[in-house]
Amino acid sequence: MHLGVRSLPWLCFSLRLCVFCSHSSSISGFAHIRGWRSLRRPGELTMAEKVTFDLSTLRHSAAHLMAAAVQELYPGTRFDIGPATADGFYYDFDTEHRFTPEDLETIEKKIRGMICQKLPFVRREFTRAEAESLLKSRAQTFKLERLADIPEGDAISFYQVGEFADLCRGPHVEHSGQVGAVKLLSIAGSYFRGKETNPMLQRIYGTAFATQKELDAYLAAIEEAKKRDHRKLGKELDLFSTSENVGPGLILWHPKGARIRYNIENFWRAEHYRNGYEMLFTPHVGKANLWQTSGHLEFYKDAMYAPMEIEGCDYYAKPMNCPFHIEVYQSRNRSYRELPLRWAELGTVYRFEKGGVLHGLLRVRGFTQDDAHIICTPEQIESEIAEVLRFSLYIWKCFGFPEIKAYLATRPEKAVGEPARWEQAQKSLVAALEKEGIPYEVDEGGGAFYGPKIDLKIKDAIGREWQTSTIQFDFNLPERFDMTYVAADGLKHRPYMVHRALLGSLERFFGVLTEHYAGAFPVWLAPEQIRVLPVKEEFIAYADQVAAELRSDDVRVDVDRDPGTIGPKISRARRDRVPYMLVVGGREAESGTVAVRSRSDGELGAMPLADFKARLAADIREKK
RNA sequence: GCCAAUGUAGCUCAGCUGGUAGAGCAACGGUUUCGUAAACCGUAGGUCACCGGUUCAAAUCCGGUCAUUGGCUCCA
């Protein structure tokens, strides 16, 4: 009994099934019997086996197989949905049983069994009433809600594989053998329909590929990503930490991490000055009335650190820098002749993020924004945006991210500012994107309530995308703070204001950078650029001499003073991802040379120290 | 915040069904004097996240708290 239709636990409620069964045995190819549309029978699939399916179809089918396995192993489970995702699939279940990692293996085994059996995926259409009574009889409450979502007039279809039939639009592979290779990856909780007030379901994530080889490659990629995990590398390379005594989501930068950050910041500052920005410094806290005016207390109070009362006045740790920048603007009258103003600050802000969302450096409670505000006239806005885009691309190139994607986020339903201004702002964003020749996608309704924005995503060394830069129009704050400038007509006008962050948060960016370089920071950023390794204890003196000379050129250099052999020294330097090792012994001491070993190119042989310095200078200049 | 898992030496981890902790690396001391991916010997290091309970006895069982991890929700 290949189809298992007769023993259907919850589909078999109509005589039609019997009709189908008797016919299907004699029909090859597609069969249409009162709504049933069968696919080929398993024995006749020789041709179909060569058919390749869209990966997301295959994964969606894999999700059904997983659900089928779960239904069999844990009877009484209620099902929600099981779609394909970017790298795999999941299915949401509601069951008394709490899934454990061991269960994943059991379920996986069952799935493999079904794959071997080449069970067909069978589609059947129902009327709404039939579907409803079917789902009701099985107490599939979540499915009933999903059914109600299907618009009147749309087809209501079920797909069955093995013993499991699921309300589902499809499409699916023809039979389970085509699912290929499946791996279940993790268990997680997830709210029904993603709403916090709804019950929490158990979600199992997995992935599937047409072949085991592709699956293995994917799993290897996961392993590679794990090796690059900034939390692991941060510990291993002694870059940063958090402490229970300090508080979750608050980062302690260790000397080596701080060195890298300092290099990033210095570069950032120099480039900003070169590109017409000025720097501001503003306080970490401000009075409640400031946040009242800005609207933060109204919109984001829950996400702000609780106030501290000083002299009968509430002060809040800043969740944003903008109100302070606006206060600088408001410190005197402004003329159109001053505009545009481009004010930047590496401002550390504090946001009370919910405990469960914190993640290494990528999601924290205290972070430093590379924030800037551009205050300009409406006429200047387009060229200012274009300039920010050009500047961003340049910065990303310097940090080794040549591939950038842009997203234009437009007016959401709840928004401030007249639609005409939104229209105009969005138009200038598009014009700027086109002027810089940056391909972009439109994120309809994805803008902030106060204005449209462009988000940039960068692609790292192993192809992952990270959202970092954001360029946001703001119709809200200039109004709220009643910002004005005196124009040529002698009248007060409202300036345009743009928030923009390139690196985003320095903490987050540092995490991304660590993963991008797998901890092997390029010479210009590396906390320790050079390590001098004497081959014998007696050459430590010469090593010190070499180090001193490099240090006088502001090179970040250390000497491995361990009295041991050269092997372990090289091993340690490699472990610490030092870009250059200089091995020195009797030969080098005599000739005033260094034997250079590069992290990326291995042994380069002995060369005069001056030659090495030239090479190093070139690396730094080229940001290698 | 919600669901689940985890928390043992600086790091990576072992420690079964309860009988008051162990390895490797790192650190420190010594031996070795050595030329490109880890020499040898030794020493020290732990209120087993924290608090409470059960028990003659708790790293181990139970409850709570905190932190971390995988997700969900959120992300100005």
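Lettering of chains follows the sequences in order, A, B, ..., and the numbering in each one begins at 1.
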Side chain of [X] only, heavy atoms from C-beta on: which candidate in [options] is closest?
X        : options             : result
A/Ser186 : B/G70, B/C3, B/C74  : B/G70
A/Met320 : B/G71, B/C11, B/A76 : B/A76
A/Pro319 : B/G1, B/A39, B/A76  : B/A76

*asked:* Around atom NZ of A/Lys183, are there more than 12 heavy atoms from other residues, nucleotides or ligands closer than 6.0 Å?
replied: no

*Neighbour count above 12 (heavy atom, 6.0 Å) for A/Arg259 CZ*: no

*5'-most contact on RNA chain B: A/Val584 or A/Arg231, nearest heavy atom basis?*
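Per heavy-atom nearest nucleotide, the more 5' residue is A/Val584.
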
*Where each residue is assigned the nucleotide of RNA chain B containing its nearest heavy atom, which of A/His499 and A/Gln202 is assigned the position nearer the 5′ end?*
A/Gln202

Is there a side-chain contact between [X] and the phosphate of [N], meaning an N or O under 4.0 Å from OP1 or OP2?
X        : N     : result
A/Lys232 : B/C11 : no
A/His359 : B/U68 : no
A/Tyr205 : B/C72 : yes

Below 3.5 Å, does any donor atom in the side chain of [X] face an acceptor in the base of [N], or the other way round?
X        : N     : answer
A/Tyr191 : B/G1  : yes
A/Arg363 : B/C74 : yes
A/Glu588 : B/G35 : yes

Using a cut-off of 4.0 Å on non-hydrogen atoms, how would the nucleic acid contact of [X] be classed: base, sugar-phosphate, or nothing?
X        : answer
A/Gly567 : sugar-phosphate
A/Gly295 : nothing
A/Arg597 : base
A/Thr565 : base
A/Leu533 : nothing
A/Ile566 : sugar-phosphate
A/Gly356 : base
A/Pro248 : sugar-phosphate
A/Glu236 : nothing

Nearest-Å distance once atom [atom1] is located in both [N] and [M]:
N     : M     : atom1 : answer
B/U17 : B/C62 : P     : 11 Å
B/U12 : B/A76 : P     : 34 Å
B/G15 : B/C48 : C1'   : 11 Å
B/G64 : B/A26 : P     : 42 Å
B/A21 : B/A58 : C1'   : 13 Å
B/A49 : B/C16 : P     : 14 Å
B/G46 : B/G22 : P     : 14 Å
B/C41 : B/A59 : C1'   : 32 Å

For [N], which nucleotide in any strand shown is its Watson-Crick or wobble partner with both distances under 3.5 Å?
N     : value
B/A44 : none
B/G22 : B/C13
B/C74 : none
B/C34 : none
B/C66 : B/G7
B/U55 : none

_Test ring pair (Phe, Tyr, Trp, His ring centres under 6.0 Å) applied to A/Phe475 and A/Trp422, A/Tyr450, A/Phe449, the passing residue_ =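 By the ring pair (Phe, Tyr, Trp, His ring centres under 6.0 Å) criterion, A/Phe475 pairs with just one of A/Trp422, A/Tyr450, A/Phe449: A/Trp422.
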
*Is the A/Phe93-A/Tyr74 ring centre distance short of 6.0 angstrom?*
no

_Can you confirm if the aromatic rings of A/Phe89 and A/Tyr91 lie within a centre distance of less than 6.0 Å?_
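Not under 6.0 Å, so no.
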
*Which ones in residues 441-458 of chain A lie close to RNA chain B, meaning a heavy atom under 4.0 Å from one of its atoms?*
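Those residues whose heavy atoms fall under 4.0 Å from RNA chain B, taken from residues 441-458 of chain A in numerical order, are A/Tyr450.
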
*Is it true that the NZ or CZ of A/Arg59 lies under 6.0 Å from the centre of A/Phe209's six-membered ring and within 45 degrees of the ring axis?*
yes

*To the nearest Å, give me how far apart NZ (A/Lys195) and P (B/G71) are.*
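So the NZ-P distance, A/Lys195 to B/G71, works out to 24 Å.
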
*Rounded to the nearest angstrom, tell me the gap between atom CD in A/Glu244 and atom P in B/A49.*
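The distance from CD of A/Glu244 to P of B/A49 comes to 11 Å, rounded to the nearest Å.
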
